[in-house]
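First comes the structure, then the notes that go with it.
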Amino acid sequence: LDYRNEANNLEIFASLYSHRRVTNTSVQVVVPEVYDELCTENVLVMEWLDGTKLVDLETEESSRESLALIEEGIDCTLSQLLETGILHADAHSGNLLKVQEPSSAATSADNSKNAPT
């Protein structure tokens, strides 16, 4: 496994789905930035994202919120399969988080939005 290839795949995925790049307006998720200058064949270095695993959300309010995030995940997966052909093939609970991401378009009092990774 060459992690430089993984970094390249992550960049391609980010170019299609990252909320920061806005190339796909139907699906936008938080994708960690890759630090290419630190990546080697044996090391992949990317941005740390704080968040809560979707499987760890337990309250009724969180459950409704989780369903919205799950719907976004389904839309993202369908887009990957049917539109772009670029598939994130390691979508397990450790890779799917609810995160607070600042957004100039957010309307909430804390000026943040939830987005799945």
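These numbers come from the heavy atoms of this one structure, side chains and all, not from hydrogens, waters or symmetry mates. Quick note: residue numbers are just sequence positions, from 1.
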For D36, check side-chain contact (heavy atoms from CB on, under 4.5 Å) against everything at least two apart and list the hits.
A7, E11, V34
Using the salt bridge (Lys or Arg N to Asp or Glu O under 4.0 Å) criterion, which residues pair with D2? Sequence neighbours excluded.
R4
Answer with yes or no whether the hydrophobic clustering places Y35 together with L49; edges join I, L, V, M, F, W, Y residues whose side-chain heavy atoms lie under 4.5 Å apart.
no
Between C39 and L44, the two heavy atoms sitting closest are SG-CD1, 3.9 Å
Straight-line distance of N9 CG to N5 CG, nearest 0.5 Å:
4.5 Å
Any residue meeting side-chain contact (heavy atoms from CB on, under 4.5 Å) with D50, in chain and number order, not counting sequence neighbours
W48
With rounding to the nearest 0.5 Å, note down the distance linking NE2 in H88 to CG in L10.
7.5 Å
Go through the structure and list residues passing side-chain contact (heavy atoms from CB on, under 4.5 Å) with L1, not counting sequence neighbours.
Y3, E6
Distance from M46 atom CE to E33 atom CD, nearest 0.5 Å?
11.5 Å
Side chain to side chain contact (heavy atoms under 4.5 Å, CB included) test vs F13 passes for just one of L87, V31, T84, namely V31
Ignoring hydrogens and angles, tell me if any N or O in the side chain of E83 forms a donor-acceptor pair with the backbone of L78 under 3.5 Å.
no
Can you tell me how far CD of E72 sits from OG of S79, rounded to the nearest 0.5 angstrom?
10.0 Å
Answer yes or no: is there a donor N or O on one side and an acceptor on the other, between the side chain of Y17 and the main chain of V30, under 3.5 Å?
no
